[in-house]
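Let me begin by presenting the structure, written as C-alpha cells, before commenting on it.
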Amino acid sequence: MRARYVAKMPNRFALAAFVPAVLLTACGSEPTTPPKAPVHSEAIAHETELVRLKLTPEAQKRLGIVTERVGTGTASAMRMTSGEIVIPAGVGGAPINSASNLQQLGLQQVAADGELARARAQLALARVAYDRASALVDEDAGSIRARDEATAALGAAKAAADAAAAQRRLLGPAVASIGNQRYVWVRVPVFGSDLAGLQQGQSALVSPLGQDGAKRSAMPVDAPPSANAVAGTVDLYFALDNRDRAYRVGQRVSVALPLAGGRSEGLSVPTSAILRDIYGGEWVYAKTEADTYVRQRIEVAATEGGRAILSQGLRPGTLVVTAGAAELFGTEFGVAH
C-alpha cells in the first residue's frame, strides 16, 4: 500500500502545477512583445560640422588657396529675381516673347502690310483727284461741289491710311528682323505684394543666369499693363541695349531690382568666395584653424562692385577663401585634383 501511494504522488503534484498555468493563460497575463514605434529619431551633427577639410601646405598651394578676412561694407539694396528677354511692343501693342506664335504673327504682319499698302495707294489716288478738282475750280472750269467731294474723299483715305499704319505698329517689328533689334525689353514678373518695396522708375541690373559679374543697366519703360492672375504677379518692363546681340528673345536672365530701403550695410566678402549648390544655397569656406577649412552657409543681402553684403552666416574677422573655393568644393565631394 505504501508503495502504491508513493507512486501516485508525482501525478498529483503535476496536476497541481498545471492548473495555475492554465488559469494564468486564461486571464491573459502571458507577456507580449511591445509594438514597434512608427518613428525613430536620432540626433545628427549640425550642417556646419558635417565636413572639415584639413589640407597640407602643399595641397593648399596646388589648389591656389587665397584667404581674406571678413570686413564691413555697404551696397545698394537689391532684390534678385528673374526675367525674360522680349521684343519691344509697338504703340499700344504687346511685346513679342517666347510664348508668341511667330507663325501666326508673321501672317498677321503680312496682311497688315498689304492693307497699309492698299490704304496708301488709295490716299495717293484721292490726293490726285483733289488736286485736279481744286485746279479746275481755280480756272473756273470745275464745280465747287466736285472739289468738296474730292476733299471728303481725301480725308477718308487719309484716315484709312492712318488706321492701317496704327494696326501695323501694334504687331511690332517684322518677324524676320527680331534677331536684329538694337534694343530689347526685359519682362520681370513681380508679386503684387512686393511692388511697394521697390524703387519705381529706377534702373535694374540685368545679367545672364550664372554670370553675376557681367551686369548691364536697363531703363524702365512704359509698357502695356500685363499680369498673371494665377501666379499673382504683375509685369515690369526695362529697356536693354543689345547692339552686340548678346541676348536673344525668350532668354531667361537674372535681374536685380532696387529696393526702397536704399543701401544695405553689413559684413562684406568678395563674390568669388561664394558657392551655390543645386538647391540655391549659398556657402563660403572659412578657415577655422591652421590648414583647416569648413564650409559655412551664408545669405547674401546685396551685391555691388564684385562684393557681397551678407545678412547672416559669418562673424567679423573670419578668414574666408576667396580663390580656390570651387577647388575645395570639389575636394570635399571626392573630385580629384
Side-chain angles (χ1 to χ4, degrees), residues 43-53 65-83 188-199 202-215 231-233 236 252-289 292-333:
I44 61 173
H46 192 271
E47 65 179 5
T48 58
E49 299 178 355
L50 293 178
V51 290
R52 182 177 287 107
L53 300 177
I65 303 298
V66 177
T67 60
E68 179 180 318
R69 198 169 297 278
V70 174
T72 59
T74 61
S76 299
M78 309 291 283
R79 171 163 295 174
M80 300 303 299
T81 183
S82 62
V188 183
V190 178
F191 288 106
S193 58
D194 294 340
L195 284 176
L198 300 178
Q199 286 189 14
Q202 298 296 320
S203 299
L205 297 178
V206 180
S207 62
L209 292 178
Q211 301 180 19
D212 294 337
K215 294 184 177 180
T233 59
L236 302 179
R252 303 294 296 183
V253 293
S254 175
V255 182
L257 299 176
L259 295 177
R263 299 185 67 83
S264 297
E265 183 176 357
L267 298 181
S268 174
V269 298
T271 55
S272 60
I274 300 174
L275 297 169
R276 291 179 175 85
D277 57 28
I278 60 175
Y279 304 105
E282 297 169 322
W283 306 82
V284 296
Y285 278 97
K287 187 174 183 179
T288 57
E289 302 174 6
T292 303
Y293 302 90
V294 176
R295 181 163 51 96
Q296 296 187 1
R297 184 183 294 275
I298 61 170
E299 288 188 7
V300 177
T303 58
E304 184 177 356
R307 300 194 68 85
I309 303 299
L310 307 183
S311 59
Q312 64 178 14
L314 294 175
R315 295 181 178 180
T318 303
L319 283 174
V320 297
V321 176
T322 59
E327 286 75 10
L328 284 177
F329 195 76
T331 302
E332 176 183 341
F333 290 98

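Starting from 1, each residue takes its place in the sequence as its number.
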What closest approach, in Å, do [X] and [Y] show between heavy atoms, and which atom pair accounts for it?
| X | Y | value |
| --- | --- | --- |
| M80 | S254 | CE-OG, 3.3 Å |
| A325 | A273 | CB-O, 4.2 Å |
| L314 | L267 | O-CD1, 3.3 Å |

Roughly how far apart are [X] [atom1] and [Y] [atom2], rounded to 0.5 Å?
| X | Y | atom1 | atom2 | result |
| --- | --- | --- | --- | --- |
| Q202 | L257 | CD | CG | 11.5 Å |
| T322 | I274 | OG1 | CD1 | 11.5 Å |
| R295 | Y285 | CZ | OH | 5.0 Å |
| E332 | L275 | CD | CG | 9.5 Å |
| E282 | I298 | CD | CD1 | 5.5 Å |

Are [X] and [Y] close enough that some pair of their side-chain heavy atoms sits under 4.5 Å apart?
| X | Y | result |
| --- | --- | --- |
| V320 | T67 | no |
| V190 | T233 | no |
| V300 | T271 | no |
| R52 | T292 | yes |
| Y293 | I65 | yes |
| L198 | L259 | yes |

Taking distance alone, no hydrogens or angles, what donor-acceptor pairs closer than 3.5 Å link side-chain atoms of residues 305-313 to residues at least two apart or in another chain?
| from | atom 1 | to | atom 2 | distance (Å) |
| --- | --- | --- | --- | --- |
| R307 | NE | S268 | OG | 2.8 |
| R307 | NH1 | E68 | OE2 | 3.4 |
| R307 | NH2 | E68 | OE2 | 3.1 |
| R307 | NH2 | S268 | O | 3.4 |
| R307 | NH2 | S268 | OG | 3.4 |
| S311 | OG | E299 | O | 3.2 |
| Q312 | NE2 | E299 | OE2 | 2.9 |

*Using atom types as modelled and distance alone, determine if a side-chain donor or acceptor of T81 lies under 3.5 Å from a backbone N or O of V255.*
no
**Message:** Going by the rule side-chain hydrogen bond (donor to acceptor under 3.5 Å, both in side chains), which residues pair with R252 if we only count those two or more places apart in sequence or in a different chain?
**Reply:**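 Expected list: S82.
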